[in-house]
Amino acid sequence: MKIASWNVNSLKVRLPQVLDWLQAEEADVLCLQETKLTDERFPVLALQEIGYQSLYHGQSTYNGVAILSRLPLQDPRCDWPDSSDGQARICAASIGNLRIIDVYVPNGQAVDSDKYHYKLAWLARLEGLLREELQQSPNLLLLGDFNIAPTDLDVHDPAAWGEDILCSPAERAALQRLFDLGLIDLFRHQHPKTRAWSWWDYRAAGFRRDIGLRIDLLLGSKTLLPRLQEVHIDRAARAAERPSDHAPVCLTLKESA
DNA sequence: ATGGTCGCACAGCGA
């Protein structure tokens, strides 16, 4: 079973690439972030035509998440239980006994800004939601754009970034609390010492100079480790014409016995 | 080259 996460930075612009990618990779599930589409404009039919059903939760201009799947999506949940947030950043569904939660964590803009405090509050709220979800679904995959580089190994130049946004101690502590729920950074688990990025800034020729951060993460509960086959970042998609600034992060799981 | 880009929506913000 192949599952991936990709911040596409506008699904309207990236739809041809997403369709090509799904067919080339034969992915079973693709979780998207930053679709930037209202639900009325979601390309349900184009995805249906190549065999994918869609769960989507969007808004105009900003944010937006979706789960595309060749397998039936059960128990869909979009947004927070009370839908009070106003920002489309989370959706979830089950495939058999696997629970998949797709998140677009707030960027945070700058340490100590209003957006930074919103980010930390959002992550605390996510922790609460995960506690509930894990009670129901011990086999859980939390994936998406976390906008946090877990450690300095995930940063092209840790000295230059220092404790700036995406790397501040409070953000990393919030991520650690998700790990403490029993969730494991699957890329890091498979590649303990690899320096690899999933996002490269459009500015400053970031990709050409390989200046990036690993902020797109696949977190899996421990129960999934025996099924873990392979995790990689698809840099080729970031090298395409008119690319997203993020690359897809891909996971292969063996079927459960 | 010590700067530099996109996307949305149409000015300037967010990333």
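Note: hydrogens, waters and symmetry copies are ignored here, and every other heavy atom, side chains too, is used. By convention in this document, chain letters (A, B, ...) are assigned in the order of the sequence lines, proteins followed by strands, and residues within each chain are numbered from 1.
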Is any side-chain nitrogen or oxygen of A:Arg14 closer than 4.0 Å to OP1 or OP2 of B:dG7?
yes
Could you work out the separation of B:dA11 and B:dC6 based on their C1' atoms and round it to a whole Å?
16 Å
Could you tell me the separation between the OG1 atom of A:Thr223 and the CG atom of A:Leu140, rounded to the nearest 0.5 Å?
8.5 Å
Measure from CG on A:Asp145 to P on B:dG14 and round the result to the nearest Å.
17 Å
Any side-chain N or O of A:Thr61 below 4.0 angstrom from OP1/OP2 of B:dC13?
no
At less than 3.5 Å, do the side-chain atoms of A:Arg209 and the base atoms of B:dG4 form a donor-acceptor pair?
yes
Could you tell me whether a side-chain N or O of A:Ser198 sits under 3.5 Å from a main-chain N or O of A:Arg214, the two making a donor and an acceptor?
no
In whole Å, what is the span from the CG atom of A:Asp201 to the C1' atom of B:dG7?
14 Å
With a cut-off of less than 4.0 Å, is there a side-chain N or O of A:Ser10 near OP1 or OP2 of B:dC8?
yes
Could you check whether A:Phe207 gets within reach of a base, just the sugar-phosphate, or nothing at all, counting any heavy atom under 4.0 Å?
nothing
Interatomic distance, CZ@A:Arg89 vs CG@A:Asp79, rounded to 0.5 Å, equals 11.0 Å
Length of the line joining A:Tyr62:OH and B:dC6:C1', which is rounded to integer Å
14 Å
From the set B:dG7, B:dA9, B:dG14, return the single nucleotide nearest to any side-chain atom of A:Lys115.
B:dG14
Which whole number of Å gives the distance between the C1' atom of B:dC10 and that of B:dG14?
16 Å
Ranking A:His246 and A:Arg242 by the position along DNA chain B of their nearest nucleotide, the one closer to 5' is A:Arg242
Hey, what do you get for CZ (A:Arg70) to CD (A:Gln53), rounding to the nearest 0.5 Å?
12.5 Å
Whole-angstrom distance between B:dG3 and B:dG7, as gauged at atom P:
25 Å
Of the nucleotides B:dC8, B:dA9, B:dG14, which one has an atom closest to the side chain of A:Ser60?
B:dA9
Mind calculating the distance between CG (A:Leu11) and P (B:dG7) to the nearest angstrom?
13 Å
If I pick the C1' atom on B:dG4 and the same atom on B:dA15, what distance separates them, to the nearest angstrom?
16 Å
Could you check whether A:Asp28 and A:Tyr52, counting side-chain N and O atoms only, form a donor-acceptor pair closer than 3.5 Å?
no
From NZ of A:Lys12 across to P of B:dC6 the rounded distance in Å is 17 Å
Round to a whole Å and report the spacing from CG of A:Asp114 to C1' of B:dG14.
14 Å
Using the side-chain heavy atoms of A:Val13, tell me which of these nucleotides is nearest: B:dG7, B:dG4, B:dA15.
B:dG7
Interatomic distance, A:Tyr202 OH vs B:dG4 P [rounded to whole Å]:
18 Å
If you find the nucleotide of DNA chain B closest to A:Arg208 and the one closest to A:Trp199, which residue's nucleotide is nearer the 5' end?
A:Arg208
Rounding to a whole Å, what distance do you find between A:Asn7:CG and B:dG7:P?
12 Å
Hey, does the side chain of A:Gln33 reach the backbone of A:Asn7 with a donor-acceptor pair shorter than 3.5 angstrom?
yes
